[in-house]
Amino acid sequence: MSSQTILLVEDNPDDVELTLLAFRRSRMANEILVAWNGEEALDYLFATGQYVSRDVNDPPALVLLDLKLPGLGGLDVLRRIREHPVTRRVPVVILTTSDDEQDIVNGYNLGVNSYIRKPVDFSSFVGVVDQLGLYWLVVNTRSPV
Amino acid sequence: MDTAGDVIPAEHDAVAATRPRPTLAAGTGGFRPFSRGIGLRLLTLIILFSSLVTLLSTLSQLYIDYHRDVSDIERRLEEIERTNLDSLASSLWHVDTDQLRVQLDGLLRLPDVEMLEVRETVGSVANPLVVTVGGSHGTSVIERTYPIIYDDRGTPRPIGMLHVSATLEGVYRRLLERGVVILVTQGVKTFLVSLFILYIVHRLVTRHLVAIAEFLGEFTLHAGEALVLRRRRPPARDELDQMVDAFNDMRGNLARAYHDLREANRALVRDNEARRRAEEEVTRLNAVLEQRVRQRTAELEAANAELSSFAYSVSHDLRAPLRRIEGFGQMLQEGYVEIIDDKGRHYIERIRAGTREMAEMIDSFLKLSRSTRGELTVEPLDLSAMAADAVAKLREKDPDRSVGATIAPAVTVEGDRKLMAVVLSNLLENAWKYTRRADAAAIAFGVESRAGRPVYFVRDNGAGFDMAFVDRLFIPFHRLHKAEDFEGIGIGLATVQRIIARHGGRVWAEGEPGQGATFYFTCWEGREPGEQPNDPAGRG
């Protein structure tokens, strides 16, 4: 049984809290691991730095990726994920406030699985989180390797 | 001979014509009458003609002489008949052969007589008497035969025939001698006269022609001297004088024409110089202008880049805190229901409504900003179909309303598909919205021609507006109607204006409160009708 962990890459604590609240309200009970910046996310994924003891061959079930991150940007993280053989097939969903056309196009060019713009209205956001969790973790069939 | 005489000068002319002119005039060695010039041809022709005349006159002279000589001979023969026949008849009657022979020998001595024969013609004599002197040698002879009649006591008795033969050879010889003498003397005379004529022609004409030719050969417009012939003045002006005068006139005219030409040329050079300077000035100004355009473009691009990053910032950074306010507000509202009283819940609700409205404004603002950015992709568009699509979407969204829509067929324009769709949907959405309270709502899309240019319009019979405030219609976030009457934040028309401006056109509105409104727009106004448009802003 592979990991059911969701990796949330988000730098703002308020947004992390709101996202965690939304997940709590939804039907998802998966463990959510927060990476506060791009570097930490890559450490987790490739089992380096503070996550050196982690099994590198056990990638998360879903990566939720903010674009605007301090230091390494969300799209850079995405590129590294897609370049690595272990994480190449991990579902990645961009979850951001930006709806800039260039961001959307670049995200898909780098192989993102979904692009979601966080609605301002919290109830709507809960609905979005519920749907995406249900889809990617239940409905969708993951790659076996 | 005549034909040959005609052919030679003709050939000569042909050769002269192909030769370069100076060769003909280059008589530097002076005049040579027998060179292949007019002199030789003149001499040849005079000799030919004169010889012909001499020949003809000689022939007629000889002809006359010939006839005279022949008549002389005939007269001599008749003389023989008249004076000698009687004595011959007597000698023959007496059969005196010796006497006959003596008589005939005497006659034979007459000039040109070459043979005489007397033949007896008495029929019964078996062996008639025949006495012959001389002998016939040639074929050119005059022969006569006379009967010899003896007067036998009053009775004439023919007793024989006298045959006389005279040769013409003497005549011919004399004619030949005479002919030769005439021809030789005439020939010498002709030659001398020809030489004289040749000399006269040379004196009077040819040498002057050569002089003129030499003058012309060295002639330039700047040489000051006029053409003057060195000769004794004839008593009256002759053809050469006319020619010299004509040439000197022409020389003056040429000089004047050359002078005029040079003046014109100078003027042309001055013109060219002025034009060149003007072109240089234009080039310089163009360069300055281009430099300015480049500078402005760079400034514009920098401003646009700044605007883009600003818009991105608004999109991302302004929205994120709003989300937090809204999200935590809801948490407060839901999780602390018992602690917060009704008034507190009302305040929280107002906070959340404010954030939602602000989020909506940010989104609209972003839409407006995007309508002025990015490349235009200009292509032929079927506005009628696009308007029909927009109306269909409105009906789908608001199925309860009954709005009559009239869309003119085959309305086309060159433009960016996405942006023009925004224009049409914004204008039609407005029309749709503001006819909500009309009795029989009707909206229309079409095109009319003003000053030969297409003007597109969207018309409705809805709430309309006061023309006093028409300028505010297109200002972002300005609204002419109260929010309670018609929802919206006032960004649609501003967006339309930006897009139409990028299509080189204008947008304006006409209306009256309660009487509906009409929104007009044009495209590519700066261009000639039919000209291919291109993106005026490039990177807007």
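Values below: every heavy atom of this structure, side chains too, minus hydrogens, waters and symmetry copies. None of the values given here were measured: they were computed from a predicted structure.
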Give a yes or no on this: more than 12 heavy atoms of other residues, nucleotides or ligands lie within 6.0 Å of atom [atom1] of [X].
{"X": "B/Arg345", "atom1": "CZ", "answer": "yes"}
{"X": "B/Glu396", "atom1": "CD", "answer": "no"}
{"X": "A/Tyr108", "atom1": "OH", "answer": "yes"}
{"X": "A/Glu101", "atom1": "CD", "answer": "no"}
{"X": "B/Glu306", "atom1": "CD", "answer": "no"}

- Message: Taking 4.5 Å as the heavy-atom cut-off, does anything in residues 120-133 of chain A contact chain B, and if so which residues?
- Response: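 So the qualifying residues are A/Val120, A/Asp121, A/Phe122, A/Ser123, A/Phe125.
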- State, to 0.1 Å, how close A/Leu21 and B/Met331 come at their nearest heavy-atom pair, and which atoms those are.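 That would be CD2-CE, 3.4 Å.
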- Heavy atoms only, distances under 4.5 angstrom: which of B/Arg356, B/Glu334, B/Arg352 has the most pairs with chain A? Name it, please.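 The answer is B/Glu334.
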- With a 4.5 angstrom heavy-atom cut-off, which part of A/Gln102 approaches chain B: side chain, backbone, both or neither?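 Interface part for A/Gln102: neither.
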- Message: Please check this pair: side chain of B/Arg319 against backbone of A/Thr97, looking for a donor-acceptor N/O pair closer than 3.5 Å.
- Response: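 Looks like yes, one N/O pair under 3.5 Å.
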- Item | Residues in side chain to side chain donor-acceptor pair (under 3.5 Å) contact with A/Arg80, at least two apart in sequence or another chain |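 Partners of A/Arg80 under the side chain to side chain donor-acceptor pair (under 3.5 Å) test: none.
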